[in-house]
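What follows is one structure encoded as structure tokens, with my remarks underneath.
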Number of protein chains: 2
Amino acid sequence: MTDVPTNGGQPRQPRQPRQPRHAVRADAQRSVDALLTAAAEVFAASGVDAPVRQITARAGVGAGTLYRHFPQRSDLIAAVFRHEVDACADAAPALAARYDPADALARWLRRFAGFIATKRGLSAALHSGDPAYGSLPSYFQDRFIPVLGGLLDAAAAAGQIRGDADPMDLLRAVANLALPVGDENDEHAQRMVALLMDGLRYGAGAE
Amino acid sequence: MTDVPTNGGQPRQPRQPRQPRHAVRADAQRSVDALLTAAAEVFAASGVDAPVRQITARAGVGAGTLYRHFPQRSDLIAAVFRHEVDACADAAPALAARYDPADALARWLRRFAGFIATKRGLSAALHSGDPAYGSLPSYFQDRFIPVLGGLLDAAAAAGQIRGDADPMDLLRAVANLALPVGDENDEHAQRMVALLMDGLRYGAGAE
DNA sequence: TTGCTAAACGGAACATCGTTCCGTATCGTC
DNA sequence: GACGATACGGAACGATGTTCCGTTTAGCAA
């Protein structure tokens, strides 16, 4: 066993989990989708500390299935987070196509506030030091800053809002406004976001 | 049951837990002391989320005893917090008597940084909305601001440090520096606190 | 179509945790 | 010294995260 002449350069252990034999089994894909959907709903309703069984029950799968696809709880949380970030970011083009720039911006900010409102308990999780969360903040920024930047630029170019708004500033502001604290309903958040939007409109043309 | 004529003005439920019949039994006092000491050590080592059994084992006490004195977990955490705030604040007079003002200030700030360093996970607990924590922030301020203010005034009066340092600002700054994040040891915090102290000295007499 | 095997599934079982319960031991008083 | 209120210990309970393993199924091949 001094040498391993077989499979030169092709290590036996699967370095790429892709192409294990056939791409991905249909039932596995269904399970993952069901889990992501169920987890998103449960997290929104009860926070990210919700019991695992509640998620598996809603998804109609066993606990073993969950842990097969998401070995750690944090993996599921991170996956749901990314999934929702994508959904929110991907909503922008449709809005931009259907509404005029300022309206599209306002609608997307509302959408974004709704996204944030489902993130109760996540900020604590983010600071837990779990490496599974390490890439989430940058993912958040990488996806949202270009999207919001585009909407802002379009509205500014149309002369509908002021031109000096910084996307990151606005993301942080809306996130702080919409993060649920205590028992206040999200009506308050929506009003504050609308106020922010009016602030942007008010400065149109100025400077 | 339309009226309750009995015990006018003296509600039956014990509003003051003091003076139940005789002051407090000696064994009960021992248990409380052992629990506070053990909890402080365990919290410092493992954070406030440490298992309850670990605390009772270290205190040499049964679980029932813990819950008799601290009906909720948050009660124990709050009690330990208050206990340590007191110990830290009470350390100031001795330091002020033994060392010259600026030295006493520096030593107390180190002491305070050590206090903060044991508070991993507490900030999350404070924001959990549990009413048992409601009074902790004001307790923190009420005890520390006069203590630090006294030390600052003495050092400023002696011309050893600048005179425009705000106690609350300094508390927040040191707390932020000393709060353990990730795996860094507290050496870093002590260096930063020393730096802050040098900053105070540097401004002596200025302005 | 039928057979086969790796992959995936479900849910019982295990370990751990916070909390409760209650029989027993102890303290302080009369 | 005896008695009653108080406190103690730790087993027991319910909930939860996680693992294990016998069973099922998807997808390929003959």
Side-chain angles (χ1 to χ4, degrees), chain A residues 12-14 16-36 38-39 42-43 45-80 121 124-125 128 130 132, chain B residues 12 14 16-36 38-39 42-43 45-80 121 124-125 128 130 132-133:
Chain A
R12 183 176 303 174
Q13 59 269 39
Q16 297 97 327
R18 304 295 167 198
Q19 202 68 7
R21 176 157 171 174
H22 27 269
V24 75
R25 264 175 55 166
D27 53 350
Q29 186 61 53
R30 273 198 303 275
S31 292
V32 170
D33 290 344
L35 280 169
L36 285 177
V42 171
F43 288 164
S46 314
V48 291
D49 290 329
V52 166
R53 279 179 237 276
Q54 202 171 327
I55 297 169
T56 58
R58 180 180 276 261
V61 303
T65 302
L66 191 162
Y67 282 93
R68 163 174 293 272
H69 296 296
F70 305 100
Q72 312 213 47
R73 179 190 188 72
S74 51
D75 294 326
L76 175 61
I77 295 174
V80 169
S128 67
D130 192 310
Chain B
R12 185 176 303 174
Q16 296 99 327
R18 305 295 168 195
Q19 201 70 6
R21 176 158 173 176
H22 27 269
V24 76
R25 262 174 58 166
D27 53 350
Q29 186 61 53
R30 273 198 303 274
S31 293
V32 170
D33 290 345
L35 279 169
L36 285 177
V42 170
F43 288 165
S46 314
V48 291
D49 290 329
V52 166
R53 281 178 236 274
Q54 201 172 328
I55 297 169
T56 58
R58 179 180 277 262
V61 153
T65 302
L66 191 161
Y67 282 93
R68 162 173 294 273
H69 297 296
F70 305 99
Q72 312 213 47
R73 177 189 189 74
S74 51
D75 294 326
L76 175 62
I77 296 175
V80 168
S128 67
D130 191 311
Y133 301 133

*CG of A/Leu66 to CZ of A/Arg68: how many Å apart, nearest 0.5 Å?*
12.0 Å

*asked:* Tell me if a side-chain donor or acceptor on A/Arg53 pairs with a main-chain N or O of A/Ala63 at a distance below 3.5 Å.
replied: no

*If you look at every strand shown and take non-hydrogen atoms under 4.0 Å, does A/Ala59 touch a base, only sugar-phosphate, or nothing?*
nothing

_Can you measure B/Asp49 atom CG to C/dT16 atom P for me and round it to whole angstrom units?_
18 Å

*Check whether any side-chain N or O of A/Thr65 sits under 4.0 Å from OP1 or OP2 of C/dG10, and answer yes or no.*
yes

_Categorize A/Ala63 for me: base, sugar-phosphate, or nothing, with a 4.0 angstrom heavy-atom threshold over every strand shown._
base

_Closest-nucleotide ordering on DNA chain C, the 5'-leading residue of A/Gln29 and B/Arg68_ = A/Gln29

*Distance in Å, B/Ile55 CD1 paired with B/Phe43 CZ, rounded so as to fall on 0.5 Å steps*: 4.0 Å

*CG on B/Asp33 to NE2 on B/His69, rounded to 0.5 Å*: 10.0 Å

*asked:* What is the separation between atom OH on B/Tyr67 and atom P on D/dA11, rounded to the nearest whole Å?
replied: 16 Å

_Applying a 4.0 Å non-hydrogen cut-off, can you work out what B/Ser31 is touching in the nucleic acid: base, sugar-phosphate, or nothing?_
sugar-phosphate

_Could you tell me how far apart B/His69 (NE2) and D/dC8 (C1') are, to the nearest whole angstrom?_
8 Å

*Roughly, in whole Å, what's the span from CG in B/Asp33 to P in D/dC8?*
11 Å

*Relative to the 5' end of DNA chain D, which residue comes earlier, A/Val52 or B/Val32, by the nucleotide with the nearest heavy atom?*
B/Val32

_Could you report the tightest heavy-atom contact between A/Ala79 and A/Leu36, atom names first, then the distance?_
CB-CD2, 3.8 Å

*Can you check the A/Leu35 CG to C/dG10 C1' distance for me, whole Å?*
12 Å

*For the base of D/dA7, is there a side-chain donor-acceptor partner from B/Arg25 under 3.5 Å away?*
no

_Can you say whether a donor on the side chain of B/Arg73 sits under 3.5 Å from an acceptor on the base of C/dT19, or the other way round?_
no

_Rounded interatomic separation in angstrom, taking CG from B/Asp27 and C1' from D/dC8_ = 8 Å

*Between D/dA7 atom C1' and B/Arg30 atom CZ, what is the distance in whole Å?*
11 Å

_Rounded distance in Å - CZ (B/Arg53) to P (D/dG9)_ = 15 Å

